[in-house]
Amino acid sequence: MFLRNDHEFELAGGTAARPFARALAAAPAAVPLDGLRQRLGDIDWVPDLGANIGSRGWWRGVATFAGLCGAAWMLAPGFHPIIGAAPAPLAGSAWDETRAQSIAPLAWSADTGRRMAANDLVAPLAEAPERPAIELSATLGEGDRLGAVLERAGVGRSDAEAAQRLVGSAAPIDEIKPGTRIALTLGRRAVKTVPRPLEQLALRARFDLAVTLNRAGGGLVMTRQPIAIDATPLRIQGLVGSSLYRSARAAGAPARAVESYIKALATRLAIGRDIGAADSFDLIVERERAATGEVKLGQLLFAGIDQGAKKVELVRWDGGDQADSDNGGWFDAKGQTERRGFMGMPVAGHITSSFGMRMHPLLGFMRMHKGLDIGARYGSPIYAVLDGVVQMAGRSGGYGNFVKLGHGSGLASGYGHMSRIAVSPGERVRQGEVIGYVGSTGMSTGPHLHWEVWRNGQTVDPRSITFASVATLSGEKLRQFKARVASLLAVKPGA
């Protein structure tokens with residue numbers, strides 16, 4: 001055990017005692033300023049001045065606040081004015097503009113100082129005078145008549161009819177393009193109860209002709225202004241790349257021409273399989289450039305593709321019997337055309353009854369169905385599946401309104417239950433031409449088309465028919481065709 005006395009620690013036990021530890025150090029003497037610091041630290045120098053108002057602590061806080069404010073005021077730097085550039089005095093039109101926008105005119109109920117409000121000195125006019133002439137602009141709408149457009153613009157009926165008659169003598173009224181702008185000038189009238197007279201009219205009657213009507217004496221006089229037209233076709237070439245359509249459009253070909261180009265090539269090649277990215281496309285489009293700067297693009301004239309070892313060149317030719325303005329008329333450079341394909345659907349719809357034996361929906365027993373029934377909306381257009389001649393158009397027993405087309409080579413097609421027939425016997429029709437409209441005449445349970453096909457007098461399934469035809473130009477037509485090919489290939493790209 002350890003024993004402690006006032007001097008030292010000693011180890012107890014044994015016959016002799018030895019010193020074990022040092023003597024404790026004496027505590028330092030207290031400093032007088034420490035007590036003062038402690039007392040000052042305990043004082044709250046910044047009490048809440050909103051509480052204990054009037055107390056000793058509150059007055060201490062007020063004194064602290066006043067001292068801090070005084071010290072801040074004494075230590076604050078001086079404030080010196082910042083001298084800037086004075087604006088230049090206004091004069092002339094600038095002063096007039098500023099004065100016009102001041103508040104004084106507004107106090108007198110005016111919009112600006114330029115136009116003061118009416119006061120007692122203002123005398124109202126009994127009748128406001130009309131302008132001596134009015135310049136207008138009108139636009140010819142789809143299916144609109146020129147005379148009707150002029151009358152809506154304020155032209156009198158007699159002047160409108162005279163203007164339409166004069167313009168019609170220069171160009172057919174029906175051939176004026178919708179959207180054509182018409183510039184008009186209407187003159188002074190004697191009284192307000194009559195229309196203003198037509199003083200001047202100007203419009204583009206055709207792409208190559210502008211006409212102007214002017215009043216001379218008691219009538220209108222027309223002046224023709226022919227416009228020079230350059231009919232050089234536009235030739236566009238480039239690489240197919242990743243997409244034939246996008247590459248041709250990026251090269252500047254119009255969308256409609258690119259679609260015709262792809263359709264033409266599809267008659268000879270498989271677009272997705274036979275055409276590669278390194279192949280070169282070549283197409284020529286009708287183009288007319290007016291001296292006034294307008295450009296009009298027409299149909300595709302030439303469709304070509306260069307595959308290195310193989311080159312396909314197709315030319316649109318309207319000089320032969322096989323020409324078709326939309327889907328056909330494509331001959332290769334040697335003067336041959338080939339059409340392959342199958343019969344498409346004559347109406348937009350869905351097959352409700354197939355070719356073959358079936359239970360008749362009205363008679364109630366099994367019977368051979370000699371065609372296809374295609375369900376469609378009442379009044380939907382029916383199209384010819386191939387070029388042909390109308391052999392029959394009229395009422396035919398259970399078929400109702402019926403049309404039969406002869407396509408040559410022993411092939412014929414029939415269309416029944418029509419609501420209305422659009423062709424006459426003996427008329428020649430093109431593939432895709434409307435021949436009638438869907439109905440429910442004859443023995444029918446609802447609006448649909450009954451479509452039959454005969455080969456050598458025997459009914460066959462329309463979906464089994466394929467066709468292939470080859471036509472070759474010869475004689476004078478072939479010479480004209482080759483001259484046409486040479487003129488197209490002579491066109492320089494981008495010219």
Side-chain angles (χ1 to χ4, degrees), residues 267 321-322 324 326-328 337-363 365-376 378-471:
T267 62
D321 296 336
Q322 294 81 9
D324 187 316
D326 292 326
N327 301 317
T337 182
E338 181 179 5
R339 298 177 62 193
R340 296 180 180 273
F342 57 92
M343 283 193 172
M345 297 283 281
V347 67
H350 59 282
I351 297 176
T352 58
S353 184
S354 301
F355 180 86
M357 296 298 295
R358 69 162 185 177
M359 178 67 70
H360 197 281
L362 293 178
L363 300 180
F365 55 83
M366 295 296 294
R367 184 178 179 181
M368 178 65 182
H369 188 228
K370 299 180 180 181
L372 294 179
D373 284 347
I374 305 173
Y378 189 92
S380 299
I382 301 171
Y383 305 97
V385 294
L386 290 175
D387 298 348
V389 179
V390 180
Q391 296 179 346
M392 189 267 181
R395 196 78 179 184
S396 179
Y399 290 111
N401 293 331
F402 184 76
V403 171
K404 184 176 182 180
L405 302 179
H407 306 292
S409 301
L411 195 64
S413 60
Y415 312 81
H417 306 310
M418 292 185 179
S419 62
R420 184 161 59 92
I421 296 174
V423 292
S424 303
E427 182 180 347
R428 292 191 63 88
V429 295
R430 292 283 191 183
Q431 181 181 8
E433 184 177 341
V434 176
I435 60 175
Y437 301 90
V438 171
S440 186
T441 56
M443 295 182 64
S444 171
T445 58
H448 72 284
L449 171 68
H450 175 79
W451 178 32
E452 286 191 26
V453 174
W454 297 270
R455 171 173 281 172
N456 298 324
Q458 299 294 323
T459 56
V460 295
D461 187 350
R463 290 177 294 185
S464 67
I465 297 296
T466 59
F467 62 89
S469 62
V470 177

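The figures here come from the full heavy-atom set of this structure, side chains too, leaving out hydrogens, waters and symmetry mates.
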Participant: Among all residues two or more places apart in sequence or in another chain, which pass the ring-ring contact (aromatic ring centres under 6.0 Å, His included) test with Tyr399?
Facilitator: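 Counting only residues at least two positions away or on another chain, Tyr399 forms a ring-ring contact (aromatic ring centres under 6.0 Å, His included) with Phe402, His450.
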
Participant: Side-chain contact, heavy-atom cut-off 4.5 Å: Trp451 with Ile351?
Facilitator: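 Trp451 vs Ile351: side chains apart.
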
Participant: OG/Ser413 to CZ/Arg455 distance, rounded to the nearest 0.5 angstrom?
Facilitator: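 So the OG of Ser413 and the CZ of Arg455 are separated by 12.5 Å.
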
Participant: Minimum heavy-atom separation for Lys404 to Ala412, with atom names?
Facilitator: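 For Lys404 versus Ala412, the nearest heavy atoms are CE-CB, 4.1 Å.
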
Participant: Check whether any side-chain heavy atom of Leu449 sits under 4.5 Å from a side-chain heavy atom of Pro346, and report yes or no.
Facilitator: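 When only atoms from C-beta onward are counted, Pro346 and Leu449 do touch, with a gap below 4.5 Å.
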
Participant: Quick check on side chain to side chain contact (heavy atoms under 4.5 Å, CB included): which of Asp373, Ile374, Val438, Leu372 does His448 satisfy it with?
Facilitator: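 Single pass found, and it is Asp373.
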
Participant: Heavy atoms, side chains only, cut-off 4.5 Å: are Val347 and Tyr383 in contact?
Facilitator: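 No, every pair of side-chain atoms sits at 4.5 Å or beyond.
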
Participant: Kindly give the heavy-atom pair with the smallest separation between Ala376 and Gly349, and that separation in Å.
Facilitator: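 Nearest pair, atom of Ala376 first, then Gly349: CB-CA, 4.5 Å.
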
Participant: If you look at every heavy atom in Val429 and Ala384, which pair is closest and at what distance?
Facilitator: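 Reported closest heavy-atom pair: CG2-CB, 4.1 Å.
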
Participant: Which heavy atom of Thr352 sits nearest to which heavy atom of Gly375, and what is that distance?
Facilitator: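 Closest pair (atom of Thr352, atom of Gly375, distance): CG2-N, 3.8 Å.
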
Participant: Test your reading of the model: is there a side-chain donor-acceptor pair from Gln391 to the backbone of Leu405, 3.5 Å cut-off?
Facilitator: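 Answer holds: no.
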
Participant: Counting distance only, does the side-chain N/O of Thr441 pair as donor-acceptor with the main-chain N or O of Met418 below 3.5 Å?
Facilitator: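 Flag set: sc Thr441 to bb Met418 pair under 3.5 Å.
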
Participant: State the OH-OG distance between Tyr378 and Ser440, to the nearest 0.5 angstrom.
Facilitator: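 The OG atom of Ser440 is 8.0 Å from OH of Tyr378, to the nearest 0.5 Å.
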
Participant: Can you check side-chain contact (heavy atoms from CB on, under 4.5 Å) on Asn401 and Arg395, steps first, answer last?
Facilitator: CA-CA 5 Å; Asn401 293 331; Arg395 196 78 179 184; 3.6 Å; yes

Participant: Please examine the side chains of Val403 and Met392, heavy atoms only from C-beta on, and report whether any two atoms are closer than 4.5 Å.
Facilitator: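 Met392 does not reach Val403 side chain to side chain.
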
